[in-house]
Novice: 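What follows is a structure written as structure tokens; I'll ask about it next.
Keep in mind that what you see is a predicted model, and the values were worked out from it rather than measured. Throughout, a chain's letter reflects where its sequence line sits, starting with A, and its residues are numbered from 1.
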Amino acid sequence: MAKVNVSIPQGTRDFNAETVRKRNYIFNTIRKVFEIYGFQPLETPSMENLETLMGKYGEEGDKLIFKILNNGLDNPDKHLQAKAEFEKVLEGKNNKSITERALRYDLTIPFARYVAMNHGQLTFPFKRYQIQPVWRADRPQKGRYREFYQCDADVVGSNSLLNEVELTNIYATVFKKLGIDVEIRINSRKILAALAEVCGGADKMIDITIAIDKLDKIGLEKVKDELTARGLNAEQILTIEKYLSITGSNEDKLTAISSLFSNSELGNKGIDEIKHVLDNAKSLTQNAERTIQNSNSDDHDVLLTTDVSRIHDSHLVIDFTLARGLNYYTGIIFEIKAIGVQMGSIGGGGRYDDLTGLFGVPNIPGVGISFGVDRIYDVMEELKLFPEAVQSGTKVLFFNLGKAESKIAFDLMQLLREKEIACEMYHETTKFDKQFKYAEKKNIPYIIIIGSKELEENNCVIKHLTTSTQQTIAMNEITNYIFE
RNA sequence: GAGAUUGUAGCUCAGUUGGUUAGAGCGCUAGUUUGUGGCACUAGAGGUCGGGGGUUCGAGACCCCUCAUUCUCCCCA
């Protein structure tokens, strides 16, 4: 047979058993915390109407949306028309007769669409969480994939800053459970807007935010260059420089920013918001610890991290350079940075005042956060944070030593399975050597040997491979044996 | 969209200024060993050197094109 070159599309991945288990550990942890905070699950389709997505993520974002080619373009009756329409696509315009659907780019916009569609039936404030893959036609590189999962939690229909506080707590709790040391960076779009206002041009806000967002990467001088390039004058840049030079503790920063924006109503509003969240999330670490300790300890999937030594502090840090690319944010914004690892943000979010307004249903404010599971996975892998116990596959392998023997083994296996002990039998009768190697390779900790001798004496040999110890017990005692 | 990087056995990689039949380790298969694995020893299978073109007496190596990979910028999770 000819060898075909098999591959998968750029930026996508297969996940083997080990990886899936580790990923599920992250998913389960996040899901559990969302549920504890009163969020309800929601799933939306992989594809949306293209017009639902276009124009929501900025110019760059639009380019990264995966568009789906319409079916039936080869219909001979419509050839001429299709060709003409395609010409328009070549000019960069989207055309419904060529493409009218696209893959989900994030979870927030589909959620807004859902709320707009169903606002008559929903009870507000509406709190939902959503864990699904999203797709971006981006160039893959470290921590960046074309298909990746997001885990979002949003509250819509409430202006209360309590939501921001709760979401901050969710971040702290999840990362504490996972054992990742993080910095929760916080800022307010109102403060950024005030800066633009003070600099004499509210319309310059996007230019300013894009430039200052790069501060920690390219340095002050380059930021100033970029601001000049974006049409800011020397006086305006001086103001921005003053703004950027604010450092110190959260308290220091608040004091400094207050004096800078003493005359700006918008600025003061933003400062008050940050203060409120900071004050109420003060005992973040303690809160998170309590949540972890109080949750159901039978839940092995999630609560593998109650080991205190693995609990780290979450730091809530004001970062005035934080801007976030998505332009629908209007209030508090968040971004999560893992400490001790070179990796882009592993989560982010913020408040948006009128997201559903884009879909014709105004006046539903909301706030949400998102976890980037794939990057969280990479971080945990790099820092070796996955607990051993996540890797539990088959627990017991029954040796296959003949027809009569395996028949008994088969029955015993069913008994163990009823006890929820994962077990399997070697697929054919063969020599010990092979069966041992199979167990070893699949990391199966126990083997059970039932051969002609055991069959006669009505017992079986249970061998623990990691310790190389074994004991013989009666067959009817097998369900009482404790496989650890 | 721009720039770099790498591509040789299932995996990780050697392969000299171009020179006979392209190597190693691990893994795989079989045996030493019809009922106790991991070690050791022995034997074996497996490669049109990413693909196409060119230079040359001769190319895995040099040149051009192409595909793929990984990374950086842009942007983002």
Side-chain angles (χ1 to χ4, degrees), chain A residues 2-13 26 30 57-65 92 104-108 131-152 206 209-211 213-214 217-218 222 226 322-327 334-338 342-349 368-379 397 399-402 405 426 429-456 460-472:
Chain A
K3 189 179 170 187
V4 281
N5 193 16
V6 287
S7 66
I8 53 174
Q10 189 180 36
T12 64
R13 296 150 298 160
I26 300 174
I30 295 171
Y57 307 107
E59 212 177 305
E60 287 296 319
D62 283 355
K63 286 189 209 160
L64 300 181
I65 293 172
R104 187 168 55 214
Y105 178 90
D106 72 353
L107 302 178
T108 308
I131 300 179
Q132 288 188 278
V134 301
W135 294 269
R136 296 188 187 176
D138 208 350
R139 276 292 251 287
Q141 51 184 275
K142 188 180 180 189
R144 179 175 303 193
Y145 308 98
R146 286 186 153 182
E147 178 184 58
F148 62 96
Y149 268 78
Q150 288 192 331
C151 305
D152 278 29
I206 292 180
T209 54
I210 288 175
D213 197 34
K214 299 175 188 166
K217 237 178 198 168
I218 62 177
K222 289 245 171 91
E226 181 150 351
L322 175 62
R324 297 203 48 78
L326 300 175
N327 47 28
F334 301 104
E335 199 156 287
I336 308 297
K337 182 84 186 65
Q342 193 61 41
M343 177 70 73
S345 69
I346 55 177
I369 57 171
S370 179
F371 290 84
V373 173
D374 299 83
R375 284 188 180 175
I376 291 172
Y377 179 95
D378 290 346
V379 167
L397 177 73
F399 271 23
N400 187 330
L401 299 170
E405 292 88 341
Y426 196 78
T429 304
T430 182
K431 50 184 177 178
F432 271 53
D433 182 64
K434 277 204 166 191
Q435 309 201 32
F436 266 121
K437 279 192 173 148
Y438 179 80
E440 192 191 340
K441 238 181 224 158
K442 285 193 72 176
N443 248 327
I444 300 173
Y446 289 94
I447 58 160
I448 294 185
I449 300 171
I450 299 171
S452 48
K453 196 175 108 201
E454 286 78 15
L455 199 60
E456 223 167 83
C460 58
V461 175
I462 299 178
K463 179 163 181 173
H464 192 206
L465 292 185
T466 40
T467 58
S468 246
T469 54
Q470 70 179 49
Q471 54 182 296
T472 307

Novice: Do A:Tyr57 and A:Asp106 have side-chain atoms, one donor and one acceptor, less than 3.5 Å apart?
Specialist: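 Side-chain D/A pair, A:Tyr57 to A:Asp106: present.
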Novice: Nearest 0.5 angstrom please: A:Cys460 SG to A:Leu455 CG, how far?
Specialist: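 Going from the SG atom of A:Cys460 to the CG atom of A:Leu455 covers 11.0 Å.
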Novice: For A:His464 and for A:Lys142, locate the closest nucleotide of RNA chain B by heavy-atom distance; then report the residue assigned to the nucleotide nearer the 5' terminus.
Specialist: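 Comparing both residues, the 5'-ward one is A:His464.
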Novice: Only stems of 3 or more consecutive Watson-Crick or G-U pairs count here, both distances under 3.5 Å; name the ones for RNA chain B, or none.
Specialist: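 In RNA chain B, stems of three or more pairs: B:1-4 with B:70-73, B:10-13 with B:23-26, B:28-32 with B:40-44, B:50-54 with B:62-66.
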Novice: With RNA chain B as reference, determine whether A:Lys437 or A:Phe371 sits nearer its 5' end, using the nearest nucleotide of each.
Specialist: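 Its nearest nucleotide lies further toward 5', so the answer is A:Lys437.
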Novice: Would you measure the distance from the C1' atom in B:rC28 across to the matching atom in B:rC11 and give it in whole Å?
Specialist: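 Straight-line distance between the two C1' atoms is 11 Å.
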Novice: What integer distance in Å separates A:Ile376:CD1 from B:rA77:P?
Specialist: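 After rounding, the reported distance stands at 13 Å.
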Novice: Roughly how far apart, to the nearest Å, are B:rU8 and B:rA45 at atom P?
Specialist: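 Going atom to atom, P in each nucleotide, I get 23 Å.
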Novice: In this structure, how many angstroms lie between the C1' atom of B:rG3 and the CD atom of A:Gln141, rounded?
Specialist: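 Distance, rounded to whole Å: 12 Å.
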Novice: Between A:Lys437 and A:Glu440, does any side-chain N to carboxylate O distance fall below 4.0 Å?
Specialist: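 No, this pair does not count.
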Novice: Need one value for A:Gly347: base, sugar-phosphate or nothing, where a base atom within 4.0 Å counts as base even if backbone is also close, heavy atoms only.
Specialist: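 Sugar-phosphate contact only - A:Gly347 comes under 4.0 Å of backbone atoms but never of a base.
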Novice: Of the listed nucleotides (B:rU36, B:rG37, B:rC75), which one gets closest to any side-chain atom of A:Leu465?
Specialist: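 Closest nucleotide among those given: B:rG37.
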Novice: Can you tell me which nucleotide in B:rG37, B:rC75, B:rG1 comes closest to the side chain of A:Arg139?
Specialist: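 For A:Arg139, the side-chain atoms sit closest to B:rG1.
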Novice: If you only use heavy atoms from C-beta on, which nucleotide in B:rC75, B:rC71, B:rC76 is closest to the side chain of A:Leu64?
Specialist: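 Nearest to the side chain of A:Leu64 among the choices is B:rC75.
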Novice: Could you tell me how far B:rG60 sits from B:rA22 if I compare only their P atoms? Round to whole Å.
Specialist: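 After rounding to an integer number of Å, I get 10 Å for this pair.
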Novice: Distance between the P atoms of B:rG46 and B:rC41, in whole angstroms?
Specialist: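 Rounded to whole Å, the distance is 24 Å.
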Novice: Considering all heavy atoms of both residues, which atom of A:Met343 and which atom of A:Gly143 are nearest to each other, and what is their separation?
Specialist: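 Taking every non-hydrogen atom into account, SD-CA, 4.0 Å.
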Novice: Protein-nucleotides 39-41 of chain B N/O pairs closer than 3.5 Å?
Specialist:
none

Novice: Closest approach of A:Glu147 and A:Pro133, non-hydrogen atoms and distance?
Specialist: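 So the minimum-distance heavy-atom pair works out to CG-CB, 4.4 Å.
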Novice: Classify the ring geometry between A:Phe399 and A:Phe432 as parallel (under 30°), tilted (30 to 60°) or perpendicular (over 60°).
Specialist: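 Rings of A:Phe399 and A:Phe432: perpendicular, as their planes differ by over 60°.
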Novice: Could you state the CD1-P distance from A:Ile444 to B:rG38, rounded to the nearest angstrom?
Specialist: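 My rounded result for the distance is 17 Å.
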Novice: Return the value, rounded to whole Å, for the distance between atom CD1 of A:Ile26 and atom P of B:rA77.
Specialist: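 It works out to 17 Å between those atoms.
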Novice: Does A:Ser345 reach a base, just sugar-phosphate, or nothing at all? Heavy atoms under 4.0 Å.
Specialist: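 Sugar-phosphate, no base atom in range.
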Novice: Could you tell me whether A:Arg136 sits above the aromatic face of A:Tyr105, with NZ or CZ closer than 6.0 angstrom to the six-membered ring centre and within 45 degrees of the axis?
Specialist: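 A:Arg136 over A:Tyr105 ring: yes.
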Novice: Take atom CE of A:Met343 and atom P of B:rC75, then tell me their distance rounded to the nearest Å.
Specialist: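 Answer to the nearest Å: 19 Å.
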Novice: Can you measure from CD1 (A:Ile449) to CD (A:Gln435) and round to the nearest 0.5 angstrom?
Specialist: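 A:Ile449 atom CD1 to A:Gln435 atom CD measures 9.0 Å (nearest 0.5 Å).
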Novice: Check A:Asp138 with A:Arg144, please: is the shortest side-chain N to carboxylate O separation under 4.0 Å?
Specialist: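 Judged by the 4.0 Å cut-off on N to carboxylate O distance, A:Arg144 and A:Asp138 do form a salt bridge.
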Novice: Can you list the residues that meet the salt bridge (charged side-chain N to carboxylate O under 4.0 Å, His left out) rule with A:Lys442, with sequence neighbours excluded?
Specialist: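 Applying salt bridge (charged side-chain N to carboxylate O under 4.0 Å, His left out) to A:Lys442 gives A:Glu424.
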Novice: Let's go through A:Tyr438 and A:Asp433 carefully: what are the C-alpha distance in whole Å and the side-chain angles of both, what is the deciding distance for side chain to side chain donor-acceptor pair (under 3.5 Å) to 0.1 Å, and is it a yes or a no?
Specialist: CA-CA 9 Å; A:Tyr438 179 80; A:Asp433 182 64; over 6 Å; no
Novice: Output yes when at least one side-chain N/O atom of A:Lys434 is less than 4.0 Å from OP1 or OP2 of B:rG31, else no.
Specialist: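 For A:Lys434, the contact criterion (side-chain N or O under 4.0 Å from OP1 or OP2 of B:rG31) is not met.
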Novice: Which nucleotide wins on minimum distance to the side chain of A:Arg136, given the candidates B:rA77, B:rU72, B:rC75?
Specialist: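 Of the options given, the side chain of A:Arg136 lies nearest B:rA77.
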Novice: Could you measure between the two P atoms, the one in B:rU21 and the one in B:rC39, and give it in whole Å?
Specialist: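 The same atom, P, in both gives a distance of 38 Å.
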Novice: Tell me, with the steps shown, if A:Glu456 and A:Lys453 meet salt bridge (charged side-chain N to carboxylate O under 4.0 Å, His left out).
Specialist: CA-CA 5 Å; A:Glu456 223 167 83; A:Lys453 196 175 108 201; over 6 Å; no
Novice: Taking atom P in both B:rA59 and B:rC49, compute the distance separating them and give it to the nearest angstrom.
Specialist: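 Comparing P positions in B:rA59 and B:rC49 gives a spacing of 12 Å.
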Novice: How many angstroms lie between atom CG of A:Leu397 and atom CD1 of A:Ile444, to the nearest 0.5 angstrom?
Specialist: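 The CG atom of A:Leu397 sits 4.5 Å away from the CD1 atom of A:Ile444.
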Novice: Compare every heavy atom of A:Leu107 with every heavy atom of A:Cys151, then report the nearest pair and how far apart it is.
Specialist: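 In terms of heavy atoms, the two residues are closest at N-CD1, 4.4 Å.
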Novice: Hey, can you pull the residues of residues 144-151 of chain A with a non-hydrogen atom under 4.0 angstrom from RNA chain B?
Specialist: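 Residues of residues 144-151 of chain A under 4.0 Å from RNA chain B: A:Arg144, A:Tyr145, A:Phe148, A:Gln150.
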Novice: Can you name the atoms? Protein N/O to nucleotides 33-35 of chain B N/O, anything below 3.5 Å, with the distance.
Specialist:
{"residue": "B:rG35", "atom": "O6", "partner": "A:Ser452", "partner atom": "N", "Å": "2.3"}
{"residue": "B:rG35", "atom": "O6", "partner": "A:Ser452", "partner atom": "OG", "Å": "2.8"}
{"residue": "B:rG35", "atom": "O6", "partner": "A:Lys453", "partner atom": "N", "Å": "3.1"}
{"residue": "B:rG35", "atom": "N1", "partner": "A:Glu454", "partner atom": "OE1", "Å": "3.0"}
{"residue": "B:rG35", "atom": "N2", "partner": "A:Glu454", "partner atom": "OE1", "Å": "3.4"}
{"residue": "B:rG35", "atom": "N2", "partner": "A:Glu454", "partner atom": "OE2", "Å": "2.9"}

Novice: Rounded off to whole Å, could you give me the CD1-to-C1' distance for the A:Ile447 and B:rU36 pair?
Specialist: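 Atom-to-atom, A:Ile447 to B:rU36, this comes out as 7 Å.
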Novice: Determine the interatomic distance between P on B:rG50 and the same-named atom on B:rG10; round to the nearest Å.
Specialist: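 One P to the other, the span is 13 Å.
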Novice: Under the salt bridge (charged side-chain N to carboxylate O under 4.0 Å, His left out) rule, collect the residues that match up with A:Asp374, sequence neighbours excluded.
Specialist: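 Testing A:Asp374 for salt bridge (charged side-chain N to carboxylate O under 4.0 Å, His left out), a comparison that skips the adjacent residues, returns A:Arg13, A:Arg23.
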Novice: Which nucleotide, B:rG38, B:rU69, B:rU72, lies nearest any side-chain atom of A:Glu440?
Specialist: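 Nearest to the side chain of A:Glu440 among the choices is B:rG38.
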Novice: For B:rG7 versus B:rC26, give the span between their P atoms, rounded off to a whole number of Å.
Specialist: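 Taking atom P in both B:rG7 and B:rC26, they lie 23 Å apart.
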Novice: Tell me the interatomic distance from A:Leu322, atom CG, to B:rC76, atom C1', rounded to whole angstroms.
Specialist: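 Rounded to the whole Å, the gap is 13 Å.
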Novice: Could you measure the distance from the CG atom of A:Leu401 to the OH atom of A:Tyr426? Nearest 0.5 Å is fine.
Specialist: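 Spacing of CG (A:Leu401) from OH (A:Tyr426) equals 11.5 Å.
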Novice: Between C1' on B:rC76 and CZ on A:Phe334, what's the gap in Å once rounded to a whole number?
Specialist: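 Atom-to-atom, A:Phe334 to B:rC76, this comes out as 19 Å.
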Novice: B:rG37 phosphate, OP1 or OP2: any side-chain N/O from A:Gln435 under 4.0 angstrom?
Specialist: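 So the side chain of A:Gln435 is outside the cut-off, no N or O lying under 4.0 Å from OP1 or OP2 of B:rG37.
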